[in-house]
Enquirer: 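Structure below; questions to follow.
Sequence lines set the chain letters: A, B, ... in the order given, protein chains first and strands last, and positions in each chain run from 1. Keep in mind it's a predicted model, so treat the numbers as computed, not measured.
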Number of protein chains: 2
Amino acid sequence: MVHISTAHEVLAVVFQVRRLGTPKPQLSVLLWQRAQEPQRGAWSLPGGSLRHDEDMTSSVRRQLAEKVDLREIAHLEQLAVFSDPDRVPATRTIASTFLGLVPSPATPELPPDTRWHPVSALPPMAFDHGPMVTHAHARLVAKLSYTNIGFALAPKEFVLSTLRDIYSAALDYQVDATNLQRVLQRRGVITRTGTTAQSGRSGGRPAAVFRFADSQLRVTDEFAALRPPS
Amino acid sequence: MVHISTAHEVLAVVFQVRRLGTPKPQLSVLLWQRAQEPQRGAWSLPGGSLRHDEDMTSSVRRQLAEKVDLREIAHLEQLAVFSDPDRVPATRTIASTFLGLVPSPATPELPPDTRWHPVSALPPMAFDHGPMVTHAHARLVAKLSYTNIGFALAPKEFVLSTLRDIYSAALDYQVDATNLQRVLQRRGVITRTGTTAQSGRSGGRPAAVFRFADSQLRVTDEFAALRPPS
DNA sequence: GCAAAAGTGTTTTGCGTACACCCATGC
DNA sequence: GCATGGGTGTACGCAAAACACTTTTGC
């Protein structure tokens, strides 16, 4: 196919860890359902055309605010560009994808055609949006391991079992709260606030309250191997 | 500034470890010198406009082949997109950057305005191309630690001291050959060919010859922390 | 008291670094 | 022989995982 001109769109993979009826919360992604052909009924990532006077990060923030009324993005970063000439029909469109993270308790109002879907059970996705979600999830999993990126999924203050549930949902395996605490505390990623939470109805020792030390991305475990000599 | 239309270019940060008179080889980047205003005389990354019928990876390969006659790219991956509306004058241009790696012994012919520059001493760079090189270098350093990306910088077959020099140049610190061997062998990244090399003029035990097991990127040390339970 | 949940102490393990020591070659 | 570079063996350290045990609450 030969195209006359090239458009550029930004698409955001926005994750939040949410309760969805199930006992344990699940990692979920924000999608909207197409009302028009092509691919009517399929689910799309939020986003849209880049304006001539904005850079891509501003564009993503603007579009999420305007189109799905979402403003609580705690972290936003570039992922990959999808540039196959035929990735969407008609106009040749290059897509730049972003990873956005929303803290857990926030539950913004959403337009009626927009919904959170658990990453483990995605609906039929429009165009190449499925692989984009997979890619974003892989990036999140990797960064949970060597950065403080958890700050963008967790509440401002939290108890360790809550944080364990968030990590478990994002990583898709049971994380041990004991070790999670020690790893994150040793690295200076989380700190105690000093206060303790109420015990639940069924008893149990009251839990210490923590918070993330930073609210910006920081690499906390730079060298996996081949460390420079000390 | 308001722009009428938006152009899209691809730019490649191509690295090779090269001897440049100095005893130890150095990590170098391929640049060409601008003959026209704006920024005449400043050095640019190779690349150019994306065609309407090609994706970005093909475009990078094509442009490197056409413009600087470079075909021995062993590894090519996306880096970041630079989308500031005013990053270059006149037409608003979005730049997608790529990391390209050329194996060490290959010394392709270059056009006269094109040259390899050591990363440690970059010439005055055009536009925002300086930060692009820095970004690419950071990515390379990170991936040397947790992937087999060295395959794209090393010769097909090599002796361990050669590989040490390559890693040292790319990482910018002295790597210990003994430990490098053990780490890479344990991970299955390199294997012995069985043959041994000649000793140099000044004697010394003949070295074993190695090769990389794969010639495609592979993650070899996935989890820095928060490993799933075993 | 007992169950439930949180937190601490201790052991084990795996991996990477550091370093001492042995090996094979040229001259 | 001896210098030179290559390779192996081993001790050390660190960080994380695993798990037993203690603490603090509700009922």
Enquirer: Take atom CZ of A/Arg192 and atom C1' of C/dT8, then tell me their distance rounded to the nearest Å.
Expert: 10 Å

Enquirer: Compare all side-chain heavy atoms of A/Phe151 with those of A/Asp214 and state whether any distance is below 4.5 angstrom.
Expert: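 Not touching, per the 4.5 Å side-chain cut-off.
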
Enquirer: Rounded to whole angstroms, how far apart are CG on A/Leu163 and C1' on C/dG7?
Expert: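 Those two atoms, CG and C1', are 15 Å apart.
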
Enquirer: Which nucleotide sits closest to the side chain of A/Arg227: C/dT17, C/dG7, D/dG7?
Expert: C/dT17

Enquirer: Using heavy atoms and a sub-4.0 Å distance, could you list which residues of residues 183-191 of chain B are near DNA chain C? By number, please.
Expert: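 Heavy-atom cutoff 4.0 Å gives B/Val183, B/Arg186, B/Arg187.
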
Enquirer: Compare all side-chain heavy atoms of B/Val209 with those of B/Thr196 and state whether any distance is below 4.5 angstrom.
Expert: no

Enquirer: When you look at CG of B/Asp113, are more than 12 heavy atoms from neighbouring residues, nucleotides or ligands closer to it than 6.0 Å?
Expert: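 Buried by this count: over 12 neighbours within 6.0 Å.
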
Enquirer: Without swapping roles, check the side chain of A/Ser168 against the backbone of A/Arg164 for a donor-acceptor pair under 3.5 Å.
Expert: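 Between the backbone of A/Arg164 and the side chain of A/Ser168 there is a qualifying donor-acceptor contact (under 3.5 Å).
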
Enquirer: Within this structure, what is the CZ-to-C1' distance between B/Arg182 and D/dG7, rounded to whole angstrom?
Expert: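 Roughly 9 Å, once rounded to whole Å.
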
Enquirer: Ignoring hydrogens and geometry, is there a side-chain-to-backbone donor-acceptor pair from A/Trp32 to A/Trp43 under 3.5 Å?
Expert: no

Enquirer: Separation of A/Asp221 atom CG from D/dA15 atom P, in whole Å?
Expert: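 Whole-Å distance recorded here is 9 Å.
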
Enquirer: Which of residues 173-181 of chain B sit near DNA chain D, with a heavy atom under 4.0 Å from it?
Expert: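 DNA chain D contact set from residues 173-181 of chain B: B/Thr178, B/Gln181.
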
Enquirer: Do A/Thr97 side-chain atoms and A/Leu79 backbone N/O form a donor-acceptor pair below 3.5 Å?
Expert: no

Enquirer: Once you round it to whole Å, what is the distance between P of D/dG5 and CG of B/Asp165?
Expert: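 Computing the B/Asp165:CG to D/dG5:P distance gives 12 Å.
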
Enquirer: Between A/Ser28 (side chain only) and A/Gln26 (backbone N and O only), is there a donor and an acceptor less than 3.5 Å apart?
Expert: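 A pair under 3.5 Å: yes.
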
Enquirer: Using heavy atoms to find the nearest nucleotide of DNA chain D for B/Ala208 and B/Ser202 separately, return the residue whose nucleotide is more 5′.
Expert: B/Ser202

Enquirer: Whole-Å distance between C/dT8 P and A/Leu160 CG?
Expert: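 Between P of C/dT8 and CG of A/Leu160: 10 Å.
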
Enquirer: B/Pro206 has a side chain; which of D/dT24, C/dA24, D/dT4 sits nearest to it?
Expert: C/dA24

Enquirer: Is a salt bridge present between B/Lys143 and B/Glu77, judged by a nitrogen-to-oxygen distance below 4.0 Å?
Expert: yes

Enquirer: Measure from CZ on A/Arg205 to P on D/dT25 and round the result to the nearest Å.
Expert: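 In whole Å, D/dT25 P and A/Arg205 CZ are 8 Å from each other.
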
Enquirer: Does the side chain of B/Pro103 reach to within under 4.5 Å of the side chain of B/Pro105, using non-hydrogen atoms?
Expert: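 Yes. Closest side-chain heavy atoms under 4.5 Å.
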
Enquirer: Under 4.0 Å between a side-chain nitrogen and a carboxylate oxygen: does that hold for B/Glu9 and B/Arg87?
Expert: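 B/Arg87 and B/Glu9: salt-bridged.
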
Enquirer: With the threshold set at under 4.0 Å for non-hydrogen atoms, list the residues of residues 137-153 of chain A touching DNA chain C in residue-number order.
Expert: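 Here the set is empty: none.
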
Enquirer: Side chains of B/Phe212 and B/Leu163: closer than 4.5 Å at any heavy-atom pair?
Expert: yes

